[in-house]
Amino acid sequence: MKKQGIVYLVGAGPGDPGLMTIKGRELLASCNAVVYDHLASEHFLGWVPGTCRKLYVGKQAGRHSMKQEEINELLVTLALSGLTVVRLKGGDPFVFGRGGEEILALEAHKIPYVVVPGDTSAVAVAEYAGRPVTHRAVSRSFHVITGHMREGGECLPPDFENYGSLPGTLVFLMGLGQLPAITQRLITGGKSPDTPAAVIERGTLPGQRVVRAALSRLHDAVQREGIRTPAVIVVGETAAYDMKCSALRPLSGIRVGITGTEQFAGRLTRALEAQGAQVSWVLDMKVISHAESAPMKDAYKNLEQYTWIVFTSANGVRLFFLGLRAAGRDYRSLGHVKFAVIGEGTGRELERYGFQEDYMPDSYCAEALGQGLCGILTPADRLLIARSKGGSPVLTRLLGQAGILFDDIPLYEVKGSSVNDSSVNNSPANDSPADKIETLDYLTFASASGVRAYFERMDSIGMPSWLPDAKMVCIGDITARELERSGHKAHITASSYHIGGLVQAIIDHAALSSSKS
């Protein structure tokens, strides 16, 4: 029996990913296909499964990807094929989102659907920018109006002047291109030329800008400041307020690009977002296991000859134990072995497999690991170093100088790809690595392999790898030296070689830059 598909119409909210509903995020994490508009944040697409089909159908000023009838047909086709579909819309599905038209198409084919409301930008953007849409004794009502009432030709209806006589707050969505006509016709309809008004660009997102002026001078102010879409227009007495949050987190408004594997990127993203940063995952580093290589197979076969196993990453730990099982061996073959790890994260991963480290240096870097091991090992010891291909030569150089026997075997390698490179169908022209990195304030690197992967990936797709406006941040000295070998210098190097240290380094630099400005 053919599986019945279903469509969830989900409102993504005003732009800030944190303002999306929990239910909406849960549905994105489990859907088979997502049909999405021009979203303000790429984070939404990062929540969907890797096997999910991603189809862009957004409408931007001057460019429509699909007609509404084609979108309706696409939703029907996907659902009839048995897929769980999320129709993701900015704001709320029904506030000028044409959710009703899509539901009618689904009902015509007896396709089940569920609506998940979203936080409409008509209210959220104004509030976030400090302009409440209602206020006691000032504005007892608000009216939400679209600036695109007709497709093509005259956008505003003939009776638009009637809005000029409405009390309360007027909020216009998608109206920036019609701003001169909107302001003039409101005044013609009775609205005072001195009525407070504001235009909010990129509301709830880093880079948000607000222009305030009297209604008659609003367009000139917008032109002078170079305000662009997406933007919300607010007209009324409440537009004169400025009730912005006064307790901003240290990285509020800061845009940070990250490179790394999915597991690491997830932890770093959460740490940065907790400090208020807007995070973009620029480079997805895939971990490719070499546990089936001849050198690793020999190592698993001859584990009895090693007295220590050295891990320099959590990935190395995980892949080693997966390979151990695949090689037909179990934990009994490790009863005689001691373990050395480079830092707390690697140690925690080792504990997940039931082992505690016997040595971890105070400073989480290859040099400290090598120096520490040289101080406790004897010529009778033999080490298995199972780590990333192209790992730091500092460790093996120190061991070699001390006369310590070791086998340094590549257990895995990492290769980079731009996030969503191959999984987005019909993606918008601006959904590219260039757009992700060109507006960044900081770009982070958490390993030397990440540096190499970044430059290799940018070169392979013909993208400039050096960003004149972004500060390059490295998690430690070895990563910084790899950046130098690539012809560039790190602006910031964390003194503590872990996620907390990386985040703190950005906070310190941002605070220093702010005080200078």
Side-chain angles (χ1 to χ4, degrees), residues 260-267 285-366 368-392 394-396 398-400 402-414 446-447 449 497-499:
T261 61
E262 183 174 357
Q263 183 181 30
F264 179 86
R267 290 188 286 123
M285 292 170 57
K286 301 296 184 184
V287 179
I288 302 171
S289 175
H290 293 324
E292 293 293 321
S293 67
M296 276 306 304
K297 284 185 175 180
D298 287 342
Y300 285 127
K301 184 187 301 183
N302 300 303
L303 284 173
E304 288 74 16
Q305 69 182 342
Y306 299 112
T307 58
W308 285 78
I309 298 178
V310 180
F311 293 118
T312 60
S313 71
N315 283 323
V317 175
R318 177 175 56 84
L319 294 174
F320 174 84
F321 282 99
L322 289 175
L324 180 72
R325 183 173 182 179
R329 309 209 67 176
D330 59 28
Y331 290 176
R332 290 173 295 180
S333 61
L334 301 174
H336 65 289
V337 171
K338 292 184 177 181
F339 294 96
V341 299
I342 200 168
E344 290 181 352
T346 309
R348 283 193 296 270
E349 189 68 16
L350 184 63
E351 286 182 359
R352 288 185 59 225
Y353 293 91
F355 295 92
Q356 291 186 339
E357 76 276 0
D358 296 279
Y359 177 73
M360 178 175 65
D362 294 331
S363 181
Y364 304 158
C365 64
L369 178 62
Q371 290 174 343
L373 286 172
C374 289
I376 60 177
L377 299 179
T378 71
D381 285 305
R382 182 165 183 170
L383 280 61
L384 170 60
I385 306 172
R387 59 174 178 167
S388 171
K389 180 180 180 181
S392 171
V394 174
L395 173 61
T396 51
L398 290 171
L399 294 173
I404 305 298
L405 296 177
F406 61 85
D407 289 331
D408 183 17
I409 302 177
L411 175 57
Y412 66 95
E413 64 178 309
V414 292
S447 66
S449 57
Y497 307 146
H498 48 67
I499 286 177

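The first residue in the sequence is number 1, and the count goes up from there.
- One finds the OH atom of Y412 at 6.5 Å from the OG atom of S449 (value rounded to the nearest 0.5 Å).
- Across all non-hydrogen atoms, the minimal contact from S293 to P410 is OG-O, 4.5 Å.
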Are L350 and M360 close enough, and set up right, to give a side-chain contact (heavy atoms from CB on, under 4.5 Å), and what steps lead you there? CA-CA 12 Å; L350 184 63; M360 178 175 65; over 6 Å; no
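- Heavy-atom neighbours of D362 CG from other residues, nucleotides or ligands within 6.0 Å: at or below the threshold of 12.
- To the nearest 0.5 Å, atom CG of residue L319 and atom CG of residue L322 are 6.0 Å apart.
- Aromatic pair F320/Y300: ring centres closer than 6.0 Å.
- Scanning for salt bridge (charged side-chain N to carboxylate O under 4.0 Å, His left out) contacts around K301 gives an empty result, with sequence neighbours left out.
- The shortest side-chain heavy-atom distance between L384 and V337 does not fall under the 4.5 Å cut-off.
- Using a distance-only test at 3.5 Å, with no hydrogens or angles considered, no donor-acceptor pair links the side chain of H336 to the main chain of Q305.
- Here the options are T346, L411, L395, the test is side chain to side chain contact (heavy atoms under 4.5 Å, CB included), and the partner is T312; only L395 passes.
- For the pair I376/D358, no side-chain contact is recorded, criterion being any heavy-atom separation below 4.5 Å from C-beta on.
- Shown here is R267, whose CZ atom has more than 12 heavy atoms of other residues, nucleotides or ligands within 6.0 Å.
- Here the straight-line distance linking atom OG of S333 with atom CG of N302 works out to 11.5 Å at 0.5 Å rounding.
- To the nearest 0.5 Å, the span separating CD on E349 from CZ on R318 amounts to 7.0 Å.
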What verdict does the side-chain contact (heavy atoms from CB on, under 4.5 Å) test give for L334 and F355, after you've listed the backbone C-alpha separation in whole Å, the side-chain angles of each residue and the deciding distance to 0.1 Å? CA-CA 10 Å; L334 301 174; F355 295 92; 4.1 Å; yes
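- When every heavy atom of A340 is checked against every heavy atom of L369, the shortest pair comes out as CB-CD1, 4.3 Å.
- Rounded to the nearest 0.5 angstrom, C374 SG and I404 CD1 are separated by 6.0 Å.
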Verify side-chain contact (heavy atoms from CB on, under 4.5 Å) between D407 and R382, making sure each step is shown before the conclusion. CA-CA 8 Å; D407 289 331; R382 182 165 183 170; 3.0 Å; yes
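- E351 has no carboxylate O lying under 4.0 Å from a charged side-chain N of R348, or vice versa, which leaves the two without a salt bridge.
- Rounding to the nearest 0.5 angstrom, the gap separating the OH atom in Y306 from the CD1 atom in I385 is 10.0 Å.
- Residues Q356 and F339 fail the side-chain proximity criterion, which asks for heavy atoms closer than 4.5 Å.
- In terms of modelled atom types and a separation under 3.5 Å, the side chain of D381 and the main chain of T378 share a donor-acceptor contact.
- By the ring pair (Phe, Tyr, Trp, His ring centres under 6.0 Å) test, Y359 is found to be paired with no residue, residues two or more places apart in sequence or in another chain being considered.
- Ring geometry, Y331 versus F321: the interplanar angle exceeds 60°, so the pair is classed perpendicular (tilted spans 30 to 60°).
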For L303 and L324: C-alpha separation, side-chain torsions, deciding distance, then whether side-chain contact (heavy atoms from CB on, under 4.5 Å) applies. CA-CA 10 Å; L303 284 173; L324 180 72; 3.7 Å; yes
